[in-house]
Visitor: 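Quick one: the structure is below, and I'll ask about it shortly.
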Amino acid sequence: MTSGKPPLHLLIAAPRGFCAGVDRAIKIVELAIERFGPPVYVRHEIVHNRFVVDRLRGLGAVFVKELDEVPDGRPVVFSAHGVPKVVPAAAEARGLDYLDATCPLVSKVHRQAERLIDAGRHIIFIGHAGHPEVVGTFGQVPAGSMTLVETVEDVALIDPADPANLSFLTQTTLSVDDTAAIVEALQARFPAILAPRSEDICYATSNRQAAVKAIAPHCDRMLIIGAPNSSNSLRLAEVAERQGVPARLIQRAAEIDWDWLGEPTTVGLTAGASAPEVLVREVVEVLAERFEVREEIGEHEPERMTFKLPRELVA
Ligand code: SF4
């Protein structure tokens, strides 16, 4: 007996969803609540996902924009995106217990920035203005020692004082293809510019973009689960669109625009690095209410990255 529903081939990208840095940041908040009891304050959204933030709020996390909203005597966690140096310094000055959930791959970029400045170089930083990770990385070095470029066009506009003494670094969650084009423009204009020792775009960002590229040619539409302020999720939607597949970023299944989705043969589905798998399953279930869904997972190498938790929480 058939269900009478139209068939739908659902191609689910892999890898997708939570990365090791997001997983670690969430565990830090959970363990801090266990250790100190609620409320535990968290400066900024721990990761850019409303579902995650609401769940942690339910456990006793209180999200604030700035440190001065944290009352004396309560612990505070800094988000996975990283914070300018002045933030932990201010927490120390107030005698606050703080836990740094900055992703180790973001911290790696921070340390590189410090080393380059110590070596007397000026840094060209490829990233998105105003993103918390960019604010945090700029906050590792003295004002004026780093210049932001967001596009290939920006490269022609910058005017560094000593073009022979430049280095570049990047945000961890950029488009692999756009960044390659910007780096090419930088190297063409400043042949002596020093590249980072290893790629700054993180493994999770590049793997999720590659996974979208792998399935996009087979899809009529692509759904990306992620927040509108999640850089790596936005990049996934761009990657799909550039492969010629109309893509929509949705936070939850309820945001699916059914008119836009239409009656496709194959839909691609993925999730940004801050979106939990439970939201992927929610979308699958909602699609299955309207279609006879046949699920297929994209071929992939499993990710094995994990990051250690801060010693004070596991001791
Ligand atoms: S997306 Fe990359 S840099 Fe950001 S938290 Fe995840 S692993 Fe770390």
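All values derive from a computational prediction rather than experimental measurement. Note that ligands are numbered from 1 as they come in the structure, with each ligand's atoms numbered from 1 the same way.
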Visitor: Run the numbers for me: atoms of ligand 1, each under 4.0 Å from some heavy atom of Tyr203, listed by number.
Guide: 7 (S)
Visitor: Under 2.8 Å from atom 6 (Fe) of ligand 1, is there any N, O or S atom belonging to Cys103?
Guide: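 Of the N, O and S atoms in Cys103, none lies under 2.8 Å from atom 6 (Fe) of ligand 1, which means no.
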Visitor: Show me which atoms of ligand 1 lie under 4.0 Å from any heavy atom of Cys19.
Guide: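 Counting atoms of ligand 1 from 1, those under 4.0 Å from Cys19 are 1 (S), 5 (S), 6 (Fe), 7 (S).
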Visitor: When you check the gap from the basic side-chain N to the acidic O, do Arg242 and Asp178 get nearer than 4.0 Å?
Guide: yes
Visitor: Hey, are Glu241 and Arg248 close enough for a salt bridge, meaning a charged N less than 4.0 Å from a carboxylate O?
Guide: no
Visitor: Would Glu114 and Lys85 pass as an ion pair if we require N to O under 4.0 Å?
Guide: yes
Visitor: What class does the angle between the rings of His81 and His131 fall in, given that below 30° is parallel, 30 to 60° is tilted and above 60° is perpendicular?
Guide: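 Aromatic pair His81/His131 classed perpendicular.
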Visitor: What is the closest protein heavy atom to atom 3 (S) of ligand 1, and at what distance does it sit?
Guide: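 The protein heavy atom lying closest is Thr172 OG1, 3.3 Å.
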Visitor: Before accepting this row, confirm whether a basic side-chain N of the pair Lys27/Glu34 lies closer than 4.0 Å to the acidic partner's carboxylate O.
Guide: no
Visitor: Could you tell me which atoms of ligand 1, counted from 1 in the order shown, lie closer than 4.0 angstrom to a heavy atom of Cys202?
Guide: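 Under 4.0 Å from Cys202, ligand 1 has these atoms: 1 (S), 2 (Fe), 3 (S), 7 (S).
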